[in-house]
Enquirer: 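Have a look at the structure that comes next, please.
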Amino acid sequence: MRTQVAIIGGGPAGLLLSQLLHRKGIDTVVLERRSRDYVLSRIRAGVLEWGAVELLREAGVGARMDAEGFPHDGTYLASENRGFRIDFVERTGKQVMVYGQTEVTRDLYEARDKMDGQIIDEAEGVTIHGADTDAPHVTYTKDGSEHRIDCDFIAGCDGFHGVSRKTIPGTVLREFERVYPFGWLGLLSETPPVDDELIYAQHSRGFALCSMRNANLSRYYLQVPLDDKVEDWSDDAFWAELKQRIPEDAAQRLVTGPSIEKSIAPLRSFVAEPMRWGRLFLAGDAAHIVPPTGAKGLNLAASDVHYLYNGLVQHYEGDDEGIETYSERALARVWKSERFSWSMTTLLHLFPDQSPFERRMQEAEFDYLAGSEAAQTALAENYVGLPY
Ligand code: APR
Ligand code: PHB
């Protein structure tokens, strides 16, 4: 088989790139290790920057998001029993869109199917060959037989545990990492959200977040020790702990119910440089991970795809500047989002080995944010998304 761009990974990054390129007449094949049902069962974050919203529209997959998503004008930040709202629209003129990543992925699959996009699922043993030559190819096994795809370029959109980043020689690749000493326990329930907007809550018992998917689907998170197991947390224990960590008025309003999903995720900051090796380009979680505190994971995947998509389109029009500068341009934005996600995480969480001085620093930063329009503007412009 031959294609122009072989895309490894059928998560949001790979699917969005495939969809955008197809609309410009560039041929792609997506290779996904898992089944479609598996990919669509993963519950992930739910806040889209406006740039991501516009990119999804450009890809022709914005209709259901625009009909069913919720534009949010601001968010609430709490510390113990006090708090304040940051008005994104007043501070930056922009909103964010609350719409689940699982739904984005579903919309992308549907759009790819409608255009007869080629997505090969349950592709095993995907291997990249000759990425540093002018004639790369990819091999994989499907239903017991070996296949080969020759291509012009390979897009490594296969997440943190994929093969693409590992294909780049250790002498070329540099990795930067911070692993946080806690995790997030997430719970999804068919209950009305506690508030119209998200609540990020700093608390001496640990961080909590109140988020949502729609009028009758709520997503809540609790900071938990890394060695906690989901089985240790009954629904009742989750709700009781959440009520202690959020402001009293919210705790009183909180509607609880049985969980329909509960899971623990570790928190990590990670960046791999460069994001290009020869004809292999990394995009999304394959190149970087952020802790979820600023909801930047999917949004960073979208901005990488924006740069890569434009670079590839330019290449087929005869100009290589976009692909030559891809890694540099993508990384410049990646590092700023990494900084924001790390600073939100550091501000809002309780660190196990934190000194009393560090705790006071967090409190002072919170107070400063509460009282300073300039500080709120800085947070808001990062939250709604820095320009591409
Ligand atoms: N071969 C083929 N596919 C693979 C391989 C492989 N060796 N390894 C991983 N994959 C697939 C995974 O099964 C997954 O479906 O690549 C896909 C990568 O998707 P994501 O992990 O969702 O990553 P990405 O598309 O970059 O999306 C970024 O997802 O993890 C969140 O926080 C992240 O919101 C962000 C978004
Ligand atoms: C979510 O709704 O899952 C969510 C929202 C905001 C975050 C992280 C996760 O910062």
Side-chain angles (χ1 to χ4, degrees), residues 6-18 29-49 52 70 72 75 77 96-105 108-109 119-128 138-142 154-167 184 186-188 193 197-200 207-214 217-221 261 263 265 267-268 270 282-305 308 337 340-341 344-345 348 383:
I7 298 175
I8 305 177
L15 295 171
L16 180 58
L17 180 66
S18 166
V29 176
V30 176
L31 293 172
E32 166 58 49
R33 179 169 60 178
R34 303 284 192 168
S35 69
R36 184 173 297 202
D37 284 348
Y38 180 91
V39 172
L40 288 173
S41 66
R42 293 191 291 225
I43 309 281
R44 289 193 170 151
V47 180
L48 298 174
E49 295 174 351
F70 296 85
H72 278 206
T75 192
L77 258 62
V96 292
M97 179 77 90
V98 170
Y99 188 64
Q101 179 174 324
T102 312
E103 303 312 311
V104 171
T105 311
L108 282 163
Y109 269 120
I119 301 171
I120 297 165
D121 61 7
E122 297 178 322
E124 290 165 39
V126 172
T127 309
I128 296 169
V138 178
T139 54
Y140 65 96
T141 306
K142 165 95 181 169
I154 298 161
C157 304
D158 47 354
F160 185 63
H161 300 287
V163 293
S164 300
R165 186 180 68 253
K166 294 176 191 139
T167 302
W184 276 22
L187 178 147
L188 193 68
E197 294 180 336
L198 274 65
I199 302 174
Y200 286 87
F207 170 75
L209 170 62
C210 306
S211 182
M212 66 203 69
R213 293 293 176 271
N214 62 46
L217 194 55
S218 298
R219 182 73 169 159
Y220 296 102
Y221 295 95
E261 194 263 1
S263 53
L267 272 73
R268 179 197 303 271
F270 173 87
L282 304 180
D285 279 18
H288 41 72
I289 296 289
V290 285
T293 323
K296 291 296 175 216
L298 174 60
N299 292 301
L300 265 189
S303 66
D304 291 349
V305 166
L308 184 53
S337 283
F340 176 65
S341 305
M344 285 279 280
T345 303
L348 294 171
Y383 198 91

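Just so you know, ligand 1 is whichever comes first in the structure, and atom 1 is the first atom listed for that ligand.
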Enquirer: Is there at least one pair of N or O atoms, one from L298 and one from ligand 1, spaced under 3.5 Å apart?
Expert: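 Min N/O separation from ligand 1 is below 3.5 Å for L298.
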
Enquirer: Can you list the ligand 1 atoms lying under 4.0 Å from a non-hydrogen atom of R34?
Expert: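 Once the distances to R34 are compared, the set is 13 (O).
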
Enquirer: Please list, in number order, the atoms of ligand 1 under 4.0 Å from a heavy atom of L31.
Expert: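 Those qualifying, in numeric order: 2 (C), 3 (N).
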
Enquirer: Are any of the N/O atoms on A13, whether in the backbone or the side chain, positioned under 3.5 angstrom from an N/O atom of ligand 1?
Expert: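 There is such a contact, yes.
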
Enquirer: Quick one: does ligand 2 sit under 4.0 Å from the side chain of L198, the backbone, both or neither, non-hydrogen atoms only?
Expert: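 The answer is the side chain of L198.
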
Enquirer: Below 4.0 Å from ligand 1: does a non-hydrogen atom of C157 turn up there or not?
Expert: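 Yes, C157 has a heavy atom closer than 4.0 Å to ligand 1.
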
Enquirer: What residue and atom, counting heavy atoms only, is the protein's closest point to atom 3 (O) of ligand 2, and at what distance?
Expert: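 Answer, as residue, atom name and distance: Y221 OH, 2.6 Å.
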
Enquirer: In terms of atom number and element, which parts of ligand 1 are under 4.0 angstrom from non-hydrogen atoms of R42?
Expert: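 This gives 13 (O), 14 (C), 15 (O) as the contact atoms.
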
Enquirer: Which residue supplies the protein heavy atom nearest to atom 13 (O) of ligand 1, what is that atom called, and how far is it?
Expert: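 The closest one turns out to be E32 OE2, 2.6 Å.
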
Enquirer: So if I count the atoms of ligand 1 from 1 in the order they appear, which ones are less than 4.0 Å from some heavy atom of G297?
Expert: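 Listed by number with element, the hits are 32 (O), 34 (O), 35 (C).
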
Enquirer: Taking the six-membered ring of F160 as reference, does the NZ or CZ atom of R165 fall below 6.0 Å from its centre and within a 45° cone about the axis?
Expert: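 Because its charged atom sits under 6.0 Å from the ring centre and within 45° of the axis, R165 does stack over F160.
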
Enquirer: Below the 3.5 angstrom mark, is there an N/O of P292, backbone or side chain, next to an N/O of ligand 2?
Expert: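 Min N/O separation from ligand 2 is below 3.5 Å for P292.
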
Enquirer: Would you say ligand 1 has an N or O under 3.5 Å from any N or O of H161?
Expert: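 No: no nitrogen or oxygen of H161 is under 3.5 Å from one in ligand 1.
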
Enquirer: When you compare ligand 2 with Y200, is there at least one nitrogen or oxygen pair between them that comes in under 3.5 angstrom?
Expert: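 N/O-N/O distance under 3.5 Å: yes.
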
Enquirer: Under a 4.0 angstrom heavy-atom cut-off, which atoms of ligand 2 come close to A45?
Expert: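 Once the distances to A45 are compared, the set is 1 (C), 3 (O), 9 (C).
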
Enquirer: Which atoms of ligand 1 sit under 4.0 Å from any heavy atom of G284?
Expert: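 Listed by number with element, the hits are 26 (O).
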
Enquirer: Number the atoms of ligand 1 from 1 as they appear, then name those within less than 4.0 Å of a heavy atom of G11, with their elements.
Expert: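 Numbered from 1, ligand 1 contributes 15 (O), 17 (C), 19 (O), 25 (O).
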
Enquirer: Identify, for atom 9 (C) of ligand 1, the protein heavy atom at the shortest distance, and state residue, atom and that distance.
Expert: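 Of the protein heavy atoms, D158 O, 3.0 Å lies nearest.
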
Enquirer: State the atoms of ligand 2, each with its element, that fall below the 4.0 Å cut-off from a heavy-atom position in W184.
Expert: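 Atoms satisfying the 4.0 Å criterion: 8 (C).
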
Enquirer: Is it the side chain (CB and beyond), the backbone, both or neither of S211 that lies under 4.0 Å from ligand 2, heavy atoms counted?
Expert: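 Contact part for S211 vs ligand 2: side chain (C-beta onward).
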
Enquirer: Quick one: sort the F340 and Y383 rings into parallel, tilted or perpendicular, breaks at 30° and 60°.
Expert: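 It falls in the perpendicular class, over 60°.
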
Enquirer: Using non-hydrogen atoms of the residue, decide whether Y220 is closer than 4.0 angstrom to ligand 2.
Expert: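 Contact check Y220 vs ligand 2: negative.
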
Enquirer: Taking distance alone, with N or O pairs closer than 3.5 Å, would you say Y383 contacts ligand 2?
Expert: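 It does not: no N or O of Y383 is found under 3.5 Å from an N or O of ligand 2.
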
Enquirer: Show me which atoms of ligand 1 lie under 4.0 Å from any heavy atom of P12.
Expert: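 Selected atoms, number and element: 22 (O), 25 (O), 27 (O).
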
Enquirer: Looking only at distance, does R219 have an N or O less than 3.5 Å from an N or O of ligand 2?
Expert: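 No; every N/O pair is 3.5 Å or more apart.
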
Enquirer: To check your reading of the model: name the closest protein heavy atom to atom 22 (O) of ligand 1, its residue, and the distance in Å.
Expert: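 Closest protein heavy atom to atom 22 (O) of ligand 1: R44 NH1, 2.6 Å.
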
Enquirer: Considering only protein heavy atoms, which is closest to atom 30 (O) of ligand 1, and at what distance to one decimal place?
Expert: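 Answer for atom 30 (O) of ligand 1: D285 OD2, 2.6 Å.
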
Enquirer: Does M344 come within less than 4.0 angstrom of ligand 2, counting non-hydrogen atoms of the residue?
Expert: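 Judged by the 4.0 Å heavy-atom criterion, M344 does not count as contacting ligand 2.
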
